[in-house]
There are 2 protein chains.
Amino acid sequence: MAIDRKQLIVKAATKSFSLFGYKATTMDQVAKIANVGKGTIYTFFKNKEELFDEIISSLIKEMKSEAEQAIDSERSFQENLHRALYRILEYRMEHQLTIKLFQEEREMGTPAVLEVMARLEKEIIQYIAGKVQTLGIDKGEIKQCDPQLTAFIMLKLYISLIFDWEKEHPPLEKQEIAELLEQYVFKGLSI
Amino acid sequence: MAIDRKQLIVKAATKSFSLFGYKATTMDQVAKIANVGKGTIYTFFKNKEELFDEIISSLIKEMKSEAEQAIDSERSFQENLHRALYRILEYRMEHQLTIKLFQEEREMGTPAVLEVMARLEKEIIQYIAGKVQTLGIDKGEIKQCDPQLTAFIMLKLYISLIFDWEKEHPPLEKQEIAELLEQYVFKGLSI
DNA sequence: ATAATGACTGAAATGTTCATCTGGTCAAAA
DNA sequence: TTTTGACCAGATGAACATTTCAGTCATTAT
């Protein structure tokens, strides 16, 4: 069977988006890296944005899978929530694609990138909200609360503590953040 | 005695910054509104940025004064913290100058504005941290905790709940935010 | 004397022009 | 039927021209 051209294209595009960002990646460039004609890309994807979206969907899937691996049914809900959130934000800090896109969002405000980053955040909150419901509320580990709002607050809190705090102060260790989560959120939520 | 030219200039500049933002305000414009020669401005202020800084210093003073008025020694620390923070963010939403500058920060990223907004945030955190120490810790109303970190978390939490949450959901009422503060932070801090 | 002024200056921002680039198409080739 | 790259219209940005503006200082007013 012939080589899987679609996969070649996706790989090439991922590489280029990671290296140069969304805007600075040209379809000619993607075609060249993938060793296909430019027209071929358009037999698999309606346009540049759809190609981008498909890559982001994979990214989201992988992030969820990473978070899922961080969860350990032997541990408490609180520990697991911390581990999942921390894993997600670590993932964001470790991967060239998310770093580049985050930078492009702040520095250039490319609309397609803004859109996609909003979707990413929404999906993370959705995922965390699910865990708050199933691991926290359903299992009786925490009080009744709005899972959406709780997930939203948790994510914002983590982003503030990891990314904003260190703009003016020495960065917080993973352990310190876990303790803050305990101190500020769980003492209020636990039964 | 002759008219107070310095005050005229400050008033004119405040008006222009509020209406057009920092970048779009010209010194000629300020001079014209103030009915003084442009050179006169430079007898009172070294440059445009120093004039801006003086106006921001007044703004900070007024914000603190507003917050101070919201605090009522009869009430609990928790209530007072909520009232002070909410008052500060209300102030930011109500005043043309802060609205305009916030917009200029996001949309244009004018360096002088970024700088000044960072100072504003720092001063708010400093102020709140002081209240956490004197009203909370010293009076024994809450546990020992890092006042800086607590103030930082509180402010970020409030900004998220007031400004970010409503990007995707119906806005939260003042009362709801107070309850979230109670639920997520105070249950963990109170003795 | 001192205080106030606004015409002036150079640097930086902005507008304009035009050649190049790029997302997307489609007729031809494989 | 699938793949391709030459082609097109609109977007982009480099190069240059023009305007704007923060800040100065010689002159004027008090």
Side-chain angles (χ1 to χ4, degrees), chain A residues 1-56 100-101 104 107-116, chain B residues 1-56 100-101 103-105 107-116:
Chain A
M1 165 198 155
I3 33 172
D4 180 348
R5 288 168 192 283
K6 180 166 179 180
Q7 196 184 310
L8 283 179
I9 291 165
V10 169
K11 274 212 166 151
T14 304
K15 189 173 177 181
S16 185
F17 287 146
S18 299
L19 242 39
F20 310 112
Y22 178 76
K23 206 180 165 218
T25 289
T26 70
M27 294 305 258
D28 274 312
Q29 168 133 253
V30 173
K32 204 163 165 198
I33 298 176
N35 265 310
V36 299
K38 184 160 60 148
T40 309
I41 301 175
Y42 289 88
T43 65
F44 295 109
F45 303 95
K46 210 173 91 257
N47 52 36
K48 187 180 179 182
E49 203 162 337
E50 206 178 72
L51 171 58
F52 189 38
D53 278 348
E54 178 147 327
I55 288 170
I56 295 300
K100 197 78 202 175
L101 291 179
E104 189 170 348
E107 292 176 10
M108 325 186 55
T110 317
V113 175
L114 291 181
E115 238 169 69
V116 134
Chain B
M1 165 198 155
I3 33 171
D4 181 350
R5 290 171 190 281
K6 181 168 177 179
Q7 197 182 309
L8 283 180
I9 291 164
V10 170
K11 274 211 165 150
T14 303
K15 190 173 177 181
S16 185
F17 288 145
S18 299
L19 242 39
F20 310 111
Y22 177 76
K23 204 175 169 226
T25 289
T26 70
M27 295 304 260
D28 277 309
Q29 169 133 252
V30 173
K32 203 164 166 198
I33 298 175
N35 264 311
V36 299
K38 184 159 61 150
T40 310
I41 300 175
Y42 289 87
T43 65
F44 295 110
F45 303 96
K46 208 174 93 259
N47 52 36
K48 187 179 177 182
E49 204 161 336
E50 206 177 73
L51 170 59
F52 188 38
D53 279 348
E54 178 146 329
I55 288 169
I56 295 300
K100 198 78 202 175
L101 291 179
Q103 179 195 341
E104 190 170 346
E105 181 186 28
E107 293 177 8
M108 326 186 55
T110 317
V113 176
L114 292 181
E115 238 169 68
V116 135

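Within every chain, numbering begins at 1; the chains are lettered A, B, ... in the order of the sequence lines, protein sequences first and strands thereafter.
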Quiz item: OP1, OP2 of C:dT14 versus side-chain N and O of B:Lys23: anything below 4.0 Å?
Solution: yes

Quiz item: How sharply is the helix from C:dA1-D:dT30 to C:dA30-D:dT1 bent, taking the axes over five pairs at either end and rounding to 10 degrees?
Solution: 20°

Quiz item: CZ of A:Phe52 versus P of C:dG24: gap in Å, rounded?
Solution: 14 Å

Self-check item: A:Asp28 or A:Gly39, whichever maps to the more 5' nucleotide of DNA chain C
Solution: A:Asp28

Practice problem: Give the nucleotide from the list D:dG23, D:dC21, D:dG13 with an atom nearest to the side chain of B:Asn47. | Solution: D:dG23

Exercise. Take atom OH of B:Tyr42 and atom C1' of C:dA7, then tell me their distance rounded to the nearest Å.
Key: 15 Å

Which pairs of donor and acceptor atoms, one on a side chain in residues 9-22 of chain B, lie under 3.5 Å apart (sequence neighbours left out)?
| from | atom 1 | to | atom 2 | distance (Å) |
| --- | --- | --- | --- | --- |
| B:Thr14 | OG1 | B:Val10 | O | 2.7 |
| B:Ser16 | OG | B:Thr25 | OG1 | 2.9 |
| B:Ser18 | OG | B:Thr14 | O | 2.7 |

Self-check item: Test side-chain hydrogen bond (donor to acceptor under 3.5 Å, both in side chains) applied to B:Thr110 and B:Glu105, B:Glu104, B:Glu115, the passing residue
Solution: B:Glu104

Quiz item: Tell me, do A:Glu54 and A:Phe44 make a side-chain contact under 4.5 Å, heavy atoms counted?
Solution: no

Quiz item: Tell me, do A:Ile41 and A:Val30 make a side-chain contact under 4.5 Å, heavy atoms counted?
Solution: yes

Quiz item: Rounded to whole angstrom units, what separation is found between the CD atom of A:Glu50 and the P atom of C:dG24?
Solution: 10 Å

Exercise. Would you mind telling me which of D:dA22, D:dT4, C:dG24 lies closest to the side-chain atoms of A:Thr43?
Key: D:dT4

Quiz item: Do B:Lys38 and D:dG23 have a side chain to base donor-acceptor pair shorter than 3.5 Å?
Solution: yes

Quiz item: Over how many whole Å does the gap from B:Met108 atom CE to C:dT14 atom C1' extend?
Solution: 12 Å

Practice problem: Check the distance between C:dT25's P and A:Met27's CE and give it to me in whole angstrom. | Solution: 10 Å

Quiz prompt | Cationic N near anionic O, under 4.0 Å, B:Glu107 to B:Lys100 | solution = no

Quiz item: Over how many whole Å does the gap from A:Leu8 atom CG to D:dT3 atom P extend?
Solution: 11 Å

Self-check item: Whole-Å distance separating the CD1 atom of B:Ile41 from the C1' atom of D:dC25
Solution: 16 Å

Self-check item: Shortest side-chain distance from A:Thr40, nucleotide among C:dG24, D:dT3, D:dT24
Solution: D:dT3

Quiz item: Think B:Arg5 has a side-chain N or O under 4.0 angstrom from the OP1 or OP2 of C:dA4?
Solution: yes

Practice problem: Using whole Å, report how far NZ of A:Lys6 lies from P of D:dT3. | Solution: 13 Å

Quiz item: Can you name the residues that form a side chain to side chain donor-acceptor pair (under 3.5 Å) with A:Gln29, not counting sequence neighbours?
Solution: none

Quiz item: Given the rule in the side chain to side chain contact (heavy atoms under 4.5 Å, CB included) test, do A:Lys32 and A:Lys38 qualify, once you have shown the distances and angles that lead to the verdict?
Solution: CA-CA 8 Å; A:Lys32 204 163 165 198; A:Lys38 184 160 60 148; over 6 Å; no

